[in-house]
Amino acid sequence: TLGPQMKSVGEVMAIGRTFPEALNKALRSLEIGVPGFSSVLIDHYPIIPDEVEEKLRQPTAERLFYVAGALSQGTSVETVSELTGYDPWFVSELVRVLEAEDSLREIPDESTETFQAAKRLGIADEVIARLNGIDKEVVRNQRIMSGVAPVYYRVDTCAAEFEAFTPYLYSTYESHSEVDPTDRQKVMIIGGGPNRIGQGIEFDYCCVQACWALRDMDYETIMVNCNPETVSTDYDTADRLYFEPLVLEDILNVIDVEKPDGVIVQFGGQTPINLTEGLAGAGVPVWGTPPDSIALAEDRGRFGALLREMDMDHPDWGMARSLDEARAIVDRIGYPVLVRPSFVLGGRAMAIAYDDESLEHFLQEATSVSEGNPVLIDQFIEDAFEVDVDAIGDGEQVIIAGILQHIEEAGVHSGDSACVMPPYKVSLYHLNII
């Protein structure tokens with residue numbers, strides 16, 4: 001279905017020993033809140049019997065998720081195959097995943113075989129947690145206590161012509177491992193995740209530069225990423241490459257095996273930044289900007305409170321978790337307002353609302369994207385112009401690398417704007433304040 005949204009990018013690569021394992025890894029890697037091919041998708045992608053044909057016949061980005069709902073509700077393999085054009089073998093493999101979920105709704109104490117069977121189909125801890133109404137950390141701990149953890153296989157980059165020594169690895173649930181970790185000083189870098197509009201080359205550039213710089217400092221570099229289009233997933237850029245989904249379960253599995261001295265999250269963009277809290281909570285040493293400082297910059301409420309504390313002029317704002325709260329904020333600050341979620345990349349689900357109807361629409365979008373975080377509602381100042389300030393600090397000294405002025409008015413996403421350096425509209429007085 002073609003429209004104003006770009007459709008020609010957005011890919012991820014996943015490697016597994018079974019088709020369901022690879023597919024579930026790929027779905028987890030998309031970073032759209034989908035934990036894999038599962039009956040739990042019905043919550044976000046409901047499908048009623050009258051809509052089955054419409055949802056399955058037309059190829060859309062969500063069709064596979066509606067297939068999960070249709071199969072969960074008893075639609076036959078033959079019907080799904082006929083409507084979608086999917087080969088019946090693949091559809092029957094999808095049914096295997098849904099059937100395996102039934103055995104996971106009550107995990108027995110002696111659950112090694114249950115976990116092993118589920119993991120060979122790529123079923124995530126998060127899915128098992130949702131099926132049982134418990135936290136995914138509980139599932140992870142129970143799985144590890146049952147002795148079920150992934151092993152890592154090497155991708156044969158030499159096509160079996162001669163022995164491959166390239167450490168290009170992917171997880172699977174088999175009996176032996178080819179990982180062979182070293183005892184050198186090592187640092188893990190979490191990459192930028194799937195290829196999509198609005199992010200890419202800058203995060204890849206930073207990750208690759210970090211690999212080279214750390215190698216010069218005699219550290220072994222471990223890259224974790226799942227994007228086939230980047231230099232960071234070229235198997236000779238880092239010393240070791242793990243081709244895995246960038247979700248907490250998979251990252252912690254690699255950390256358990258490699259035991260790195262530190263993990264760097266700042267160079268991969270929003271994806272690894274969103275993992276910081278979970279990594280720190282698991283006792284992983286996060287290098288660079290402290291996790292609490294990352295949260296201070298990402299959490300719009302905390303950042304707004306910091307501006308007030310420092311008496312810095314800023315547009316009026318409020319945090320909303322419901323439509324009523326949002327309307328109360330708008331009554332105070334007036335339209336137009338900027339509606340935006342926390343912890344998201346590149347202006348995703350950010351919009352300017354001029355009336356109650358558009359406010360309600362944009363609030364629903366932002367709420368679905370921010371996954372439980374409140375939505376920030378800012379006073380939107382029209383006919384304003386915007387500057388970008390690039391700076392670097394070591395905790396004591398701050399160096400300003402440059403100040404760029406946007407040619408477009410404030411409100412156009414910086415990724416779509418043209419910028420000028422040095423700024424031509426900002427007085428020396430204001431530059432000194434900045």
So that I can tick it off, tell me whether [Y] and [X] are bridged by a salt bridge, with the cut-off set at under 4.0 angstrom between side-chain N and carboxylate O.
X	Y	result
Arg130	Glu126	yes
Asp256	Arg140	yes
Asp125	Lys119	yes
Glu325	Arg321	no
Arg120	Glu174	yes

Counting only heavy atoms not in His44, do more than 12 fall under 6.0 Å of its NE2?
->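 Atom NE2 in His44 is not packed in, count stays at 12 or less.
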
Does CG in Asp394 sit with more than 12 non-hydrogen atoms of other residues, nucleotides or ligands closer than 6.0 Å?
-> yes

Check the pair Thr237 / Asp234 against side chain to side chain donor-acceptor pair (under 3.5 Å), numbers first and verdict last.
-> CA-CA 6 Å; Thr237 297; Asp234 191 335; 4.7 Å; no

Assess the pair Trp287 and Tyr219: is the distance between their ring centroids shorter than 6.0 Å?
->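 For Trp287 and Tyr219, the ring centres are under 6.0 Å apart.
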
Under 6.0 Å between ring centres, would you say that holds for Tyr242 and Tyr152?
-> yes

Whether Phe65 and Tyr45 hold their rings parallel, tilted or perpendicular, with breakpoints at 30° and 60° | tilted

May I have the step-by-step check of salt bridge (Lys or Arg N to Asp or Glu O under 4.0 Å) for Asp180 and Arg240, ending in yes or no?
-> CA-CA 11 Å; Asp180 195 20; Arg240 299 169 81 80; over 6 Å; no

